[in-house]
Amino acid sequence: MQPIIPRSPWFHRVILHSRWWLLYTAVVSSLNLFGRPVHYVFGYLMVCLLMALTFYALLVIHWHIRNNWLKAVGYLVVAVAMQLLLFELLNVWLPSIHIELQRPVKAMTLRSLFFGLNMFLDVALGAVAYALHRKAVNALEQQLQLERALHAKEVERLNMEALALQRELERRRAESAQWVTAMNSHGIRNAYNAIYQLLLKNEKIANGFLGLKAMHEYVLENAPGQSGMVPLRHEIEMLRIWSKVYELGYQSNSSLDIEVATRLPPISVPSFSYIVFLENAYELGDNGNAEHPVQIRINIVKQHVHFRIRNKKITNKMKSRFKSGRPSGLGIKGVRQRLELTDIPYNLVIEDRDDFYTATLSIDYTKHI
């Protein structure tokens, strides 16, 4: 199937005008063919063609000549030319093919001049009416184009205002969330300080409470609205604080055996990337065995930050009441998802044996965001 090629406005206008002239020829022929052969339609067609040429010649002069004197001269030239062509058509060319629309005269008479002038005035009035019509149509089209342009600008302005309002709303929401976080954090810190004064009689419990306070502040730093990324050394520092609080809470005799490389790359990691594994070690490990402390090693292996944690397992340990209703493996699953969301290349290997549990997390710091 061939594609339909849309017609240009110029071509469409030519077709429309041709239809009107053919219709005019048909009307003139039907009014003047009484008692005449049908081939006389050709004669009337030639007369209508001469009128069409005069019509468009007048329009060309009207639209393309700016000087009024030249326009008047052009109109006069078209009138004279039409009169001469009409005389030649009716008295020479058409009679040569045996078509006589009127009695032939050998010279131009006053009657033929009036006949030609009447036809010229009819055509001129038609041209004036058409020119005024096109002027009105063009003015209407220009007005519509101007209104479309103004409408488009107004729509663009409204869209810009809506976008600005949306951004302002988002900014205020973020600012409100920051203020809520700050106020909550301020109030909770004051409550911690008040309780800490009551615990000063027991230095061990007081120090553990300070660790709990540091843990909670670490959580607040990664509340909604924050980036969720923390410096690597801050995450490692929180491992030690987390360990002290857990040892105090579980009344464990074991200690944390941690070794950290002296030189670490200045990168950031998702918060709780390491702490999750320490939590699992204390909650599911044999914390009462001093011979098998929770072992953590953090060093640089080629281009990776290598984190390895190992703890002894206990099989019959009861699940904490605080863990009820939480799916198992949620912490490690969350670490995977957050590393994937930040596009940080990593490799996590879990070794879950009968006696020991080992997790190794390697992060490629050369491709860090």
Side-chain angles (χ1 to χ4, degrees), residues 6-145:
R7 295 177 177 177
S8 64
W10 177 85
F11 182 76
H12 180 73
R13 189 176 301 172
V14 169
I15 296 296
L16 182 62
H17 285 209
S18 300
R19 291 173 182 174
W20 282 112
W21 283 111
L22 290 174
L23 178 61
Y24 180 74
T25 303
V27 172
V28 172
S29 300
S30 64
L31 295 176
N32 294 277
L33 278 178
F34 296 106
R36 295 180 180 181
V38 178
H39 68 275
Y40 270 54
V41 173
F42 177 75
Y44 293 112
L45 179 61
M46 298 304 295
V47 173
C48 291
L49 179 60
L50 178 60
M51 295 176 67
L53 291 175
T54 306
F55 176 82
Y56 292 115
L58 293 175
L59 289 180
V60 169
I61 294 172
H62 175 73
W63 283 333
H64 296 284
I65 297 180
R66 302 297 181 186
N67 188 283
N68 292 329
W69 289 103
L70 291 179
K71 279 187 179 182
V73 173
Y75 295 151
L76 181 60
V77 170
V78 171
V80 173
M82 176 189 168
Q83 182 68 66
L84 293 174
L85 290 174
L86 181 64
F87 182 81
E88 291 293 324
L89 177 66
L90 295 178
N91 294 281
V92 180
W93 298 336
L94 290 179
S96 66
I97 57 176
H98 307 290
I99 298 177
E100 295 181 0
L101 300 182
Q102 67 177 14
R103 291 182 181 181
V105 292
K106 301 200 176 168
M108 188 175 292
T109 63
L110 187 61
R111 180 180 178 183
S112 64
L113 288 176
F114 276 111
F115 177 69
L117 181 61
N118 179 60
M119 287 184 57
F120 177 78
L121 291 177
D122 290 340
V123 174
L125 289 176
V128 170
Y130 180 77
L132 293 176
H133 168 71
R134 288 305 308 169
K135 182 178 180 181
V137 171
N138 291 336
L140 181 60
E141 290 179 350
Q142 292 178 358
Q143 182 179 357
L144 290 176
Q145 291 178 357

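- When every heavy atom of Ala131 is checked against every heavy atom of Leu59, the shortest pair comes out as CB-CD2, 4.2 Å.
- The line from OH of Tyr40 to CG of Leu45 is 15.5 Å long, rounded to the nearest 0.5 Å.
- Between atom CG of residue Asn138 and atom CD of residue Gln143 there is a gap of 13.0 Å, rounded to the nearest 0.5 Å.
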Check residues 60-82 and write down every donor-acceptor pair under 3.5 Å in which the side-chain atom is one partner and the other belongs to a residue at least two apart or another chain.
residue	atom	partner	partner atom	Å
Asn67	OD1	Trp69	N	2.8
Asn67	OD1	Leu70	N	3.1
Lys71	NZ	His62	O	3.3

Could you pull out every donor-acceptor pair under 3.5 Å between side chains of residues 46-57 and any protein atom, sequence neighbours left out?
residue	atom	partner	partner atom	Å
Thr54	OG1	Leu50	O	2.9
Tyr56	OH	His17	ND1	2.6
Tyr56	OH	Trp21	NE1	3.3

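- In this structure Gln142 satisfies the side chain to side chain contact (heavy atoms under 4.5 Å, CB included) test with no other residue, sequence neighbours excluded.
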